[in-house]
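Here's the structure, in structure tokens; my notes come after.
The structure displayed is predicted, hence computed values, not measured ones. Each chain gets a letter, A, B and so on, in the order the sequences are listed, and its residues count up from 1.
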Amino acid sequence: MTRVRFAPSPTGNLHQGNIRTALFNYLFARHQGGKIILRIEDTDQERSQTDFEANIFADLRWLGFTFDEGIQEGGEVGPYRQSERLDLYKKSLEKLIAEQKAYACFCTADEIEVERKRALALGKSYRYQGKCRILKPEETQEKIQSGIKPSYRFKVDRDIIKFQDLVYGEKVFDTENIGDFIIARSSEIPVYLFACAVDDCLMQITHVIRGEDGMSNTPRQILIQRALGFEPPQFGHLPLILGADHTLLSKRNGSTSISELKQKGYLPQAILNYLALLGWSPPEAEEILSLDQLIQQFDLSRVARSSAIFDWGKLDHINQAHMLRMSETDYLTFAKKQLEGSSWISSLSPSELDSLLFTLRPNIKTFNDLSPWLSILLVLPEYNSEPAQEAFSDPTAKKVLESLAALLQEHEAQLKTKEFENVMEGVKKQTKLKGKKLFFPIRITLTGVHEGPELIPLMSALGKERILERIQRAIETIQHKESAKRAV
RNA sequence: GUCCCCAUCGUCUAGUGGCCUAGGACAUCGCCCUUUCACGGCGACGGCAUGGGUUCGACUCCCAUUGGGGACGCCA
């Protein structure tokens with residue numbers, strides 16, 4: 001049975017990088033009909049916060065992930081929060097100490113820091129020199145009894161570690177480059193490397209799929225797992241996601257939390273779809289895929305080995321594609337949720353709002369584009385933009401508007417789409433204008449800008465009253481300009 | 001600096017020795033559709049980092065160079 005895990009630490013919110021890792025684990029597990037476990041790695045007590053943990057759960061749920069085992073789901077190999085598994089790690093540590101595979105280290109953080117800096121200055125990679133490794137048992141006992149709290153190091157002997165990476169193929173590491181590393185802090189809390197290695201085995205994880213930045217940890221974890229008598233899981237490393245500056249995604253260069261992405265108006269399925277395309281490619285040409293389709297098509301053998309740069313433009317495109325494919329009710333529900341709290345919701349009747357939202361659908365890339373558009377459509381335009389000046393300086397503009405106003409007056413308060421079409425036909429006949437000459441002045445009059453939704457639907461969404469109000473305003477603007485011109 | 005990884009259009013990628021005159025997607029530009037913009041359709045632009053091998057034949061295999069990235073914590 002395939003068992004994978006997603007193991008975030010609650011020291012921050014989930015962002016694109018995390019989610020891509022979660023996604024690939026998820027797709028891998030679901031594709032194989034295996035299980036995915038959610039484990040919280042909170043061994044850094046100073047930085048871990050329960051708020052973050054709650055956010056992580058909320059984000060994962062929003063994105064559409066479901067887990068088979070975890071804090072909320074339960075399961076047989078829990079607890080699923082590392083801070084509740086300390087006795088387990090302690091047992092493992094004691095076993096290693098008893099077998100002389102780990103030892104107490106009394107070097108202080110400051111001492112180590114000095115050593116590291118010296119090594120780096122000399123152009124050598126830092127490794128612990130093993131000062132406490134050669135301590136006699138009596139010396140160790142003595143120091144502990146005198147009240148010094150030691151950290152614990154794993155004893156690394158010369159060896160060649162080989163493993164078959166699920167993505168990168170055969171990997172070979174010489175332990176010569178690895179010094180004895182710390183597995184438990186002087187506070188007795190284990191470090192990530194150790195807790196993670198122990199848990200992956202205790203929780204019977206079969207495949208560890210993580211970012212390539214974890215690669216150098218892998219030989220250490222294999223060492224730990226073997227020393228504990230476990231069979232290490234299989235490892236697969238994923239190429240990294242980089243920011244626009246070609247370095248690891250971070251707050252500086254575009255790393256964005258899920259809640260921010262949500263705020264920016266991206267659909268969960270679009271986020272997942274785009275992230276799946278970063279480092280993986282579907283076997284067939286179609287790129288717009290639902291989560292189910294991704295599960296069906298996913299295969300680690302199609303994962304790339306080179307890092308990928310996060311491209312907001314493509315995310316926008318994929319988001320738009322998903323928006324266009326959503327059912328009308330889903331679209332409206334999501335759009336309204338996004339607009340929650342904004343004045344548009346309260347200032348419009350439900351049917352007016354729905355009709356405006358539909359009219360805007362082909363013109364937006366994210367749900368966040370909705371609000372600015374509504375503002376353009378519903379706030380009276382100023383007509384001082386360049387396209388407006390240009391449109392109104394055409395002598396036929398006024399004729400078009402007057403004709404439109406007159407024809408609209410002939411109708412009852414509420415016109416249907418078909419009637420708007422007829423009105424436009426009428427304007428066309430009366431003015432003998434068509435194409436840009438006909439539509440441009442009207443578009444500008446209604447919105448103040450030269451681009452936007454289709455005109456007929458837009459007119460019917462705005463309604464007769466708003467249109468007349470704008471026409472009057474536009475005509476006044478034109479007249480104002482004309483008289484100013486005459487005065488000169 | 002040391003170790004590790006990577007290298008196809010600006011970006012994401014297909015490509016596993018002949019199907020490649022290198023395919024697709026985003027972006028950009030043009031045309032068409034729409035009596036307008038957008039949506040949609042069609043098209044253009046644009047790439048195998050360099051140098052050596054191996055081979056009848058290299059984008060594909062090997063080596064080097066160059067370039068980029070990652071890891072070198074009592075962080076995860």
Quick check: A:Tyr152 with A:Phe194 (ring centres under 6.0 Å apart)?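 Not under 6.0 Å, so no.
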Check every strand shown and say whether [X] touches a base, only sugar-phosphate, or nothing at a heavy-atom separation below 4.0 Å.
X	value
A:Glu287	base
A:Arg47	base
A:Leu248	sugar-phosphate
A:Asp316	nothing
A:Ile309	sugar-phosphate
A:Lys429	nothing
A:Tyr274	nothing
A:Glu454	base

Rounded to the nearest angstrom, tell me the gap between atom [atom1] in [X] and atom [atom2] in [N].
X	N	atom1	atom2	value
A:Lys149	B:rC74	NZ	C1'	14 Å
A:Arg127	B:rC72	CZ	P	16 Å
A:His317	B:rU28	NE2	P	11 Å
A:Leu242	B:rG67	CG	C1'	14 Å
A:Tyr168	B:rG70	OH	P	13 Å

Yes or no on ring pair (Phe, Tyr, Trp, His ring centres under 6.0 Å) for A:Phe298 and A:Phe24, after CA distance, side-chain angles and deciding distance? CA-CA 8 Å; A:Phe298 187 77; A:Phe24 281 35; 5.2 Å; yes
Fit a plane to each ring of A:Phe163 and A:Phe173, take the angle between them on a 0 to 90° scale, and name the class: parallel (under 30°), tilted (30 to 60°) or perpendicular (over 60°). parallel
Between residues 183-200 of chain A and RNA chain B, which residues have a heavy-atom gap below 4.0 Å?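 By residue number: A:Arg185, A:Ser186, A:Val191, A:Tyr192.
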Pull out every residue in residues 275-284 of chain A that has a heavy atom closer than 4.0 Å to any atom of RNA chain B, ordered by number, or say none. A:Leu277, A:Leu278, A:Gly279, A:Ser281
Can you check the distance between [N] and [M], where both ends of the measurement are the [atom1] atom (answer in whole Å)?
N	M	atom1	result
B:rU66	B:rU11	P	22 Å
B:rG46	B:rU2	C1'	39 Å
B:rC26	B:rG40	P	9 Å

Any luck finding a side-chain donor-acceptor pair between A:His237 and A:Thr218 under 3.5 Å?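 Short answer, yes.
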Compare side-chain N and O positions of [X] against OP1 and OP2 of [N] and report whether any pair is under 4.0 Å apart.
X	N	value
A:Arg305	B:rA7	no
A:Arg302	B:rG15	yes
A:Ser306	B:rG69	no
A:Lys437	B:rU36	no
A:Lys365	B:rA27	yes

A:Asp180 side-chain N/O to A:Gln129 backbone N/O, donor-acceptor pair under 3.5 Å: no
A:Glu115/A:Arg118 ion pair, N-O < 4.0 Å: no
Under 4.0 Å between a side-chain nitrogen and a carboxylate oxygen: does that hold for A:Arg305 and A:Glu212? no
OG on A:Ser375 to CH2 on A:Trp373, rounded to 0.5 Å: 10.5 Å
